[in-house]
Amino acid sequence: MESLYDEEQRRVLMRFFKTAEGEYGYGDNFLGIKVPQTREVVKAARDIPTEEIPELLMNPWHEVRLCGWLLLVDKFERNATKRYTDNAQAIRQRDDIVRLYLQYAERANNWDLVDLSAPKIIGHWLLLPTCLGGKEAGLHEAYKREVVDGLAHSTNLWRQRMSIVCTMKPSQQGDPSWCLRYAEMHLSHPHDLMHKAVGWMLREMGKGVSMDILRDFLERHVHEMPRTTLRYAIEKMSESERSMWMNR
């Protein structure tokens, strides 16, 4: 990956991901590699042992860490197809990836690293059988809530973002409960990146599950929502309805 270094693209990415002093990405270092190039590396390295991936996640280069997260996504998805949903070995491998993801979560220290990994690993795991949390099925669901609650209650911005963006996958499968739980929890979050994430997930929930559920949420919270959150949430509505909610 270091051989793909591109100084001009590096400067573009440093500005785009807000790496100046005082900005949310301060201190991050970029090689100047575009995401499609990183995905080509992932494709070539997809059989790397899972235990070697932390070396990538701990790397100072942003794109190398992205490569590590995308390799975990690839491994998770290969063990999460319909054929392997209830396969005992696949369940263990998925659970190992989730544990690894949570252990190194703070290395996903910008919004792209979170958004390209959390929905496809944590979000997908919420929908699948797991052995984590105990032997009884009821304990597994409670454990999943504990995991996402732990991310939500963290003091780390990126863990907090994981807790809301991971709800995309359940929403796509028709379950609005995860989105509603964490959207409400983060509604008064002070950071603009969370305002955008909450609004984005509400929009996806409305689109994937029910616009009426979204409207009900807005009815209860429109007066306390950050305007950015509201703008993102209503993006798929008609112009007249968007105007109505913004005026409210």
Side-chain angles (χ1 to χ4, degrees), residues 1-78 97-98 100-124 151 154-166 168-169 189-201 203-204 228 231-232 235:
M1 292 189 79
E2 287 178 349
S3 73
L4 299 173
Y5 184 94
D6 183 326
E7 178 60 31
E8 183 178 349
Q9 181 67 13
R10 175 180 179 273
R11 287 197 296 268
V12 170
L13 293 173
M14 296 279 279
R15 287 194 300 272
F16 184 71
F17 286 107
K18 308 293 185 185
T19 62
E21 188 170 0
E23 295 181 317
Y24 58 74
Y26 176 62
D28 207 352
N29 293 299
F30 287 78
L31 286 164
I33 302 175
K34 295 180 179 179
V35 173
Q37 292 175 287
T38 300
R39 290 193 183 277
E40 286 299 313
V41 176
V42 170
K43 192 183 299 182
R46 68 192 313 229
D47 293 323
I48 185 175
T50 302
E51 58 268 23
E52 292 185 23
I53 291 179
E55 186 175 347
L56 302 176
L57 303 181
M58 293 303 295
N59 194 278
W61 295 115
H62 182 101
E63 296 93 336
V64 175
R65 295 198 303 283
L66 174 59
C67 183
W69 294 120
L70 293 179
L71 281 164
L72 283 181
V73 167
D74 180 71
K75 289 179 181 296
F76 190 94
E77 290 184 332
R78 282 192 278 164
I97 291 169
V98 167
L100 187 64
Y101 188 90
L102 295 170
Q103 181 181 350
Y104 289 92
E106 287 177 30
R107 298 301 295 168
N109 59 341
N110 215 311
W111 58 264
D112 63 320
L113 304 181
V114 172
D115 297 356
L116 290 172
S117 61
K120 293 183 177 180
I121 295 179
I122 301 299
H124 200 169
L151 294 171
S154 169
T155 57
N156 179 270
L157 172 64
W158 308 114
R159 286 179 180 265
Q160 292 168 349
R161 188 173 172 101
M162 286 172 185
S163 73
I164 184 64
V165 301
C166 78
M168 181 188 293
K169 191 74 173 182
H189 197 286
H191 204 291
D192 183 62
L193 280 176
M194 289 298 289
H195 300 171
K196 293 174 179 177
V198 171
W200 173 29
M201 289 303 106
R203 183 187 74 212
E204 293 302 305
T228 299
R231 278 199 302 273
Y232 273 62
E235 205 170 50

> Glu40: what forms a salt bridge (Lys or Arg N to Asp or Glu O under 4.0 Å) with it, not counting sequence neighbours?
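Glu40 satisfies salt bridge (Lys or Arg N to Asp or Glu O under 4.0 Å) with Lys43 once adjacent residues are dropped.
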> Does any part of the side chain of Glu106, heavy atoms only, come nearer than 4.5 Å to the side chain of Trp158, both counted from C-beta?
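In short, these two side chains do not touch, never coming nearer than 4.5 Å.
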> Give me the atom names and distance for the closest heavy-atom approach of Pro119 to Val114.
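Between these two residues, the closest heavy atoms are CD-O, 3.7 Å.
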> Taking atom CG of Leu31 and atom OG of Ser3, what is their separation to the nearest 0.5 Å?
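If we round to the nearest 0.5 Å, Leu31:CG and Ser3:OG are 9.5 Å apart.
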> As an exercise, state the distance from CD1 of Ile122 to CZ of Phe76, rounded to the nearest 0.5 Å.
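So the CD1 of Ile122 and the CZ of Phe76 are separated by 7.5 Å.
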> Among residues at least two apart in sequence or on other chains, which ones pass salt bridge (Lys or Arg N to Asp or Glu O under 4.0 Å) with Glu235?
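Once residues adjacent in sequence are excluded, the partners of Glu235 under the salt bridge (Lys or Arg N to Asp or Glu O under 4.0 Å) criterion are Arg203.
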> What's the shortest heavy-atom distance between Val73 and Leu116, and which atoms?
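Looking at all heavy atoms of both residues, the shortest contact is CG2-O, 3.7 Å.
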> Does any non-hydrogen side-chain atom of Phe30 lie less than 4.5 Å from one of Thr19?
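Heavy-atom side-chain distance check passes, below 4.5 Å.
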> For the side chain of Glu52 and the backbone of Pro49, is there at least one donor-acceptor N/O pair under 3.5 Å apart?
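A pair under 3.5 Å: no.
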> Filter on salt bridge (Lys or Arg N to Asp or Glu O under 4.0 Å), then keep only pairs touching residues 29-38, sequence neighbours left out; what's left?
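Salt bridge (Lys or Arg N to Asp or Glu O under 4.0 Å) check on residues 29-38 returns no pairs.
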> With sequence neighbours excluded, give me every salt bridge (Lys or Arg N to Asp or Glu O under 4.0 Å) pair touching residues 108-121.
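For residues 108-121, and leaving out neighbouring residues, the salt bridge (Lys or Arg N to Asp or Glu O under 4.0 Å) pairs sorted by first residue read Asp115-Arg161.
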> Heavy atoms only: give me the nearest Cys166-Ala118 pair and the separation to one decimal.
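Taking Cys166 first and Ala118 second, the nearest heavy atoms are CB-O, 3.8 Å.
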> Please identify each residue that fulfils salt bridge (Lys or Arg N to Asp or Glu O under 4.0 Å) with Asp192, with sequence neighbours left out.
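Asp192: salt bridge (Lys or Arg N to Asp or Glu O under 4.0 Å) contacts with Lys196.
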> Please check if atom CD in Glu8 has more than 12 non-hydrogen atoms from other residues, nucleotides or ligands closer than 6.0 Å.
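Open.
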> Taking atom CG of Leu113 and atom CH2 of Trp69, what is their separation to the nearest 0.5 Å?
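Atom-to-atom, Leu113:CG and Trp69:CH2 are 8.0 Å apart.
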> Side chains of Tyr104 and Met58, heavy atoms from C-beta outward: is any pair under 4.5 Å?
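Touching, per the 4.5 Å side-chain cut-off.
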> His195: what forms a ring-ring contact (aromatic ring centres under 6.0 Å, His included) with it, not counting sequence neighbours?
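None.
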> May I have the step-by-step check of side chain to side chain contact (heavy atoms under 4.5 Å, CB included) for Trp200 and Val165, ending in yes or no?
CA-CA 8 Å; Trp200 173 29; Val165 301; 3.9 Å; yes
> In chain order, what residues pass the salt bridge (Lys or Arg N to Asp or Glu O under 4.0 Å) check against Arg39, with sequence neighbours excluded?
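Counting only residues at least two positions away or on another chain, Arg39 forms no salt bridge (Lys or Arg N to Asp or Glu O under 4.0 Å).
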> Run the side-chain contact (heavy atoms from CB on, under 4.5 Å) test against Pro190 and tell me which residues pass, sequence neighbours left out.
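Not a single residue meets the side-chain contact (heavy atoms from CB on, under 4.5 Å) criterion with Pro190.
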> Please identify each residue that fulfils side-chain contact (heavy atoms from CB on, under 4.5 Å) with Ala105, with sequence neighbours left out.
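For Ala105 the side-chain contact (heavy atoms from CB on, under 4.5 Å) partners, ignoring immediate neighbours, are Arg159, Met162.
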> Nearest 0.5 Å please: distance from the CG atom of Leu66 over to the CE atom of Met1.
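Atom-to-atom, Leu66:CG and Met1:CE are 7.0 Å apart.
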> What's the separation between atom CG in Asn110 and atom OH in Tyr24, rounded to the nearest 0.5 Å?
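So the CG of Asn110 and the OH of Tyr24 are separated by 5.5 Å.
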> Locate the shortest heavy-atom distance separating Leu13 from Gly32; write the atom from each residue and the value.
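Between these two residues, the closest heavy atoms are CD1-CA, 3.8 Å.
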> Please report the closest heavy-atom contact between Gly68 and Ile53, naming both atoms and the distance.
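Heavy atoms only, the tightest pair is O-CG2, 3.6 Å.
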> Is Ser117 close to Leu72 at the side-chain level, that is, under 4.5 Å between some pair of heavy atoms?
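Sidechains of Ser117 and Leu72: no contact.
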> Under the ring pair (Phe, Tyr, Trp, His ring centres under 6.0 Å) rule, what pairs show up with a residue in residues 31-52, not counting sequence neighbours?
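Matches after skipping sequence neighbours: none remain.
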> Rounded to the nearest 0.5 Å, how far does CD of Gln160 lie from CE of Met194?
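Spacing of CE (Met194) from CD (Gln160) equals 5.5 Å.
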> For the pair Tyr232 (side chain) and Met201 (backbone), establish whether a donor and an acceptor sit closer than 3.5 Å, ignoring hydrogens and angles.
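Side chain of Tyr232 to backbone of Met201: no pair is present.
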> Which residues satisfy the side-chain contact (heavy atoms from CB on, under 4.5 Å) test with Phe16, sequence neighbours excluded?
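By the side-chain contact (heavy atoms from CB on, under 4.5 Å) rule, Phe16 matches Trp111.
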> Per the salt bridge (Lys or Arg N to Asp or Glu O under 4.0 Å) rule, what does the pair list look like for residues 53-75, sequence neighbours excluded?
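Every pair satisfying salt bridge (Lys or Arg N to Asp or Glu O under 4.0 Å) with a residue in residues 53-75: Asp28-Arg65, Arg46-Asp74, Asp74-Arg78.
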